[in-house]
Amino acid sequence: MSTRTPVSCAHCNRADGGGFELSPLTFFQAAAEVAAACPSSAWFLSVVGIHNWQLGLFPEQAQKDVWGKDTSVLISSSYAPTGKVERVDGGFRLSGRWSFSSGCDHCQWVFLGGIAPGDGSIPDMRTFLLPRSDYQIIDTWHVAGLAGTGSKDIVVEGAFVPEHRTHRFVDAYTFQNPGQAVNTAPLFRLPFGCLFAFVIAVPAIGAARGALDSYRTYMQAKVAAYDGSKVADDPFAQRRLSEAALEITAAEAEVQNTWKTMCAQAEAGETIPLSARARARWSAANIVLRGVRAVDLLFEASGGRALYLDNPMQRYFRDVHAMRAHALNNPDRASQVFGYSELHPGGTPPEYFL
């Protein structure tokens with residue numbers, strides 16, 4: 001997946017100065033690899049990295065606004081519609097406070113979620129794009145997990161956002177994104193909600209891999225304090241490693257199965273059905289659950305020394321549970337979306353972030 005998008009054509013090749021148009025699977029693989037070393041860094045890579053792709057779904061003028069002078073500019077986000085949106089001539093006026101904007105200190109623009117006023121039966125949920133001069137960053141990120149993501153608060157006081165700097169969720173839901181007029185590659189025909197759900201799920205795989213590597217190395221050298229026996233010969237220690245490894249393998253397979261199919265459909269010019277998108281949301285949440293289970297199995301078997309702050313195991317434990325706390329990684333909500341889709345064929349799932 002591209003990590004930089006050129007101004008007028010987000011699907012250009014490298015010779016044209018743009019991104020590589022790699023598969024999401026390549027992006028996921030990179031994020032998981034980074035997470036094995038540092039889950040916070042991987043979270044930043046995943047979340048901020050996917051914003052470049054989302055900007056390619058905006059009207060072309062918004063892409064020019066961001067990358068017109070510098071294609072290295074980055075965008076942070078906070079999608080929960082916690083601020084106030086007013087409709088004014090030529091666009092909207094935003095005020096309020098948004099939380100959990102990962103990596104915002106390193107970004108020059110921000111995506112903020114909000115509901116535009118209207119008379120429709122479905123709320124007009126949008127992503128609003130604001131430059132750094134239109135918001136403040138408030139340092140609230142003093143946390144137990146994913147501490148390195150710098151997911152601070154964003155405060156906006158009456159900033160004007162022109163219409164072209166907005167992206168309607170309903171357009172993403174129906175694959176009618178305005179950016180597709182100029183970005184015609186299959187990459188831009190993938191479902192926004194599913195792709196974002198997976199970018200915050202795959203770091204859990206990497207965190208579990210890192211925990212597994214740490215556990216393996218530690219247990220190979222550990223000697224039991226009570227009888228001096230090698231812990232590597234303990235069948236219970238072996239069982240924990242085996243179960244954790246299988247959880248990781250299953251999570252990796254779920255990523256491959258989901259996105260090989262979706263990418264093939266996009267390449268063929270097919271519309272990815274709602275049933276597949278609902279299942280993908282459920283799969284993403286389960287990937288995180290598998291990561292949590294794997295890390296928990298290993299942490300619980302690592303003994304008291306896993307609690308020390310210089311032991312990487314406690315960091316994997318804290319970080320993977322912080323990932324699970326994200327709203328999109330809530331398995332109860334994701335299971336409702338998938339279950340409804342299965343039991344109401346042809347119906348509309350109870351959300352449109354798909």
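All values below come from the heavy atoms of this structure, side chains included, with hydrogens, waters and symmetry mates left out. The structure displayed is predicted, hence computed values, not measured ones.
- Between the side chain of Arg277 and the backbone N or O of Tyr173, at least one donor-acceptor pair lies under 3.5 Å.
- With contacts defined as side-chain heavy-atom distances shorter than 4.5 Å, the pair Glu267/Ser23 does not qualify.
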Check step by step if salt bridge (charged side-chain N to carboxylate O under 4.0 Å, His left out) holds for Arg279 and Glu254. CA-CA 11 Å; Arg279 184 179 186 88; Glu254 194 64 44; 5.1 Å; no

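- Between Thr184 and Ala181, the shortest heavy-atom distance links the atoms CG2-O, 4.2 Å.
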Between side-chain atoms of residues 31-39 and protein atoms elsewhere (two or more places apart, or another chain), which donor-acceptor pairs fall under 3.5 Å?
none

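- The backbone N or O of Ser99 sits less than 3.5 Å from a side-chain atom of Ser78, completing a donor-acceptor pair.
- Side-chain heavy atoms closer than 4.5 Å link hydrophobic residues (I, L, V, M, F, W, Y) into clusters, and following such links, possibly through other members, connects Tyr316 to Leu307.
- Ring orientation note: the planes of Trp53 and Phe192 are close to parallel, at an angle under 30° on the 30°/60° scale.
- For the pair Arg132 and Tyr135, the cation sits on the ring face: its NZ or CZ lies under 6.0 Å from the ring centre, inside 45° of the axis.
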Residues Ile122, Val170; criterion side chain to side chain contact (heavy atoms under 4.5 Å, CB included); working and verdict: CA-CA 9 Å; Ile122 299 177; Val170 69; 5.8 Å; no

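- For Cys104 against Lys152, the heavy-atom pair with the smallest separation is SG-CB, 3.8 Å.
- Considering Asp134, Asp65, Leu74 in turn, Asp65 is the only one that fulfils the side-chain contact (heavy atoms from CB on, under 4.5 Å) rule with Trp109.
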Report all side-chain donor-acceptor pairs from residues 296-304 shorter than 3.5 Å, counting only partners two or more places apart or in another chain.
from   : atom 1 : to     : atom 2 : distance (Å)
Asp296 : OD1    : His321 : NE2    : 2.8
Glu300 : OE1    : Arg240 : NH1    : 3.1
Ser302 : OG     : Leu298 : O      : 2.6

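- Taking CZ of Phe27 as the reference point, atom CG of Leu187 lies at 10.5 Å (rounded to 0.5 Å).
- The OG1 atom of Thr140 sits 3.5 Å away from atom CG of Asp153, with the distance rounded to the nearest 0.5 Å.
- When atom types are taken as modelled, the side chain of Arg93 and the backbone of Gly158 share a donor-acceptor pair closer than 3.5 angstrom.
- Side-chain heavy atoms closer than 4.5 Å link hydrophobic residues (I, L, V, M, F, W, Y) into clusters, and following such links, even through other members, never connects Leu130 to Val47.
- Between Ser40 atom OG and Arg318 atom CZ the span is 8.5 Å, to the nearest 0.5 Å.
- In this structure, the separation between CD1 on Ile205 and CZ on Phe28 is 9.5 Å, given to the nearest 0.5 Å.
- Crowding of Asp227 atom CG: a count of heavy atoms from other residues, nucleotides or ligands under 6.0 Å exceeding 12.
- Enclosure of atom NZ in Lys222 by more than 12 non-hydrogen atoms of other residues, nucleotides or ligands within 6.0 angstrom is indicated.
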Trace of the side chain to side chain contact (heavy atoms under 4.5 Å, CB included) decision for Ser341 with Leu274: CA-CA 8 Å; Ser341 175; Leu274 277 175; 5.6 Å; no

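- Inspection of the Gln220 and Arg216 side chains reveals no N or O donor paired with an N or O acceptor under 3.5 Å.
- A distance-only check finds no donor-acceptor pair linking the side chain of Thr166 to the backbone of Thr127 [under 3.5 Å].
- Across all non-hydrogen atoms, the minimal contact from Val73 to Asn52 is O-OD1, 4.4 Å.
- Applying the 6.0 Å contact sphere to CZ of Phe100 captures no more than 12 heavy atoms from other residues, nucleotides or ligands.
- The two atoms that bring Arg189 and Ala266 nearest to each other are NH2-O, 2.7 Å, heavy atoms only.
- Using a 4.0 Å cut-off between charged nitrogen and carboxylate oxygen, Arg168 and Glu163 do not count as a salt-bridge pair.
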I would like to know whether Leu241 and Leu212 meet side chain to side chain contact (heavy atoms under 4.5 Å, CB included); could you show each step before the answer? CA-CA 7 Å; Leu241 185 149; Leu212 182 64; 3.8 Å; yes

Using the side chain to side chain contact (heavy atoms under 4.5 Å, CB included) rule, take Glu243 and Glu247 through it: C-alpha gap first, then chi angles, then the decisive distance, then the call. CA-CA 6 Å; Glu243 291 180 351; Glu247 293 286 1; 5.7 Å; no

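- Between atom OG1 of residue Thr261 and atom CD1 of residue Ile272 there is a gap of 9.5 Å, rounded to the nearest 0.5 Å.
- Looking at every heavy atom in both residues, Met125 comes nearest to Gly113 through CE-CA, 4.0 Å.
- Looking at Asn177, its side chain never comes within 3.5 Å of a backbone N or O of Gly179 through a donor-acceptor pair.
- Distance check, rounded to the nearest 0.5 Å: CZ of Arg290 to CD of Glu252 gives 11.5 Å.
- Remark: the backbone N or O of Ile115 is not paired with any side-chain donor or acceptor of Asp124 at under 3.5 angstrom.
- Checking side-chain atoms of Ser46 against main-chain N and O of Ala42 turns up a donor-acceptor pair under 3.5 Å.
- Counting all heavy atoms, side chain and backbone alike, Ser76 lies closest to Ser101 at OG-OG, 2.9 Å.
- Atom CD of Gln265 has more than 12 neighbouring heavy atoms from other residues, nucleotides or ligands inside a 6.0 Å radius.
- Between Phe128 and Phe92, the ring planes lie perpendicular to each other; the angle is over 60°, past the 30° to 60° tilted range.
- Within a 6.0 Å sphere centred on CZ of Arg87, other residues, nucleotides and ligands contribute more than 12 heavy atoms.
- In this structure a side-chain-to-backbone donor-acceptor pair under 3.5 Å is missing from Ser214 to Gly210.
- Connection of Ile50 to Val202 is established within a shared hydrophobic cluster, with ILVMFWY side chains joined at heavy-atom distances below 4.5 Å, either directly or through further cluster members.
- The closest donor-acceptor contact from the side chain of Trp141 to the backbone of Leu146 lies under 3.5 Å.
- Here the two rings, on Phe111 and Phe58, have centers that are under 6.0 Å apart.
- The closest donor-acceptor contact from the side chain of Tyr215 to the backbone of Ala237 lies under 3.5 Å.
- Other residues, nucleotides and ligands contribute only 12 or fewer heavy atoms inside 6.0 Å of the CD atom of Glu157.
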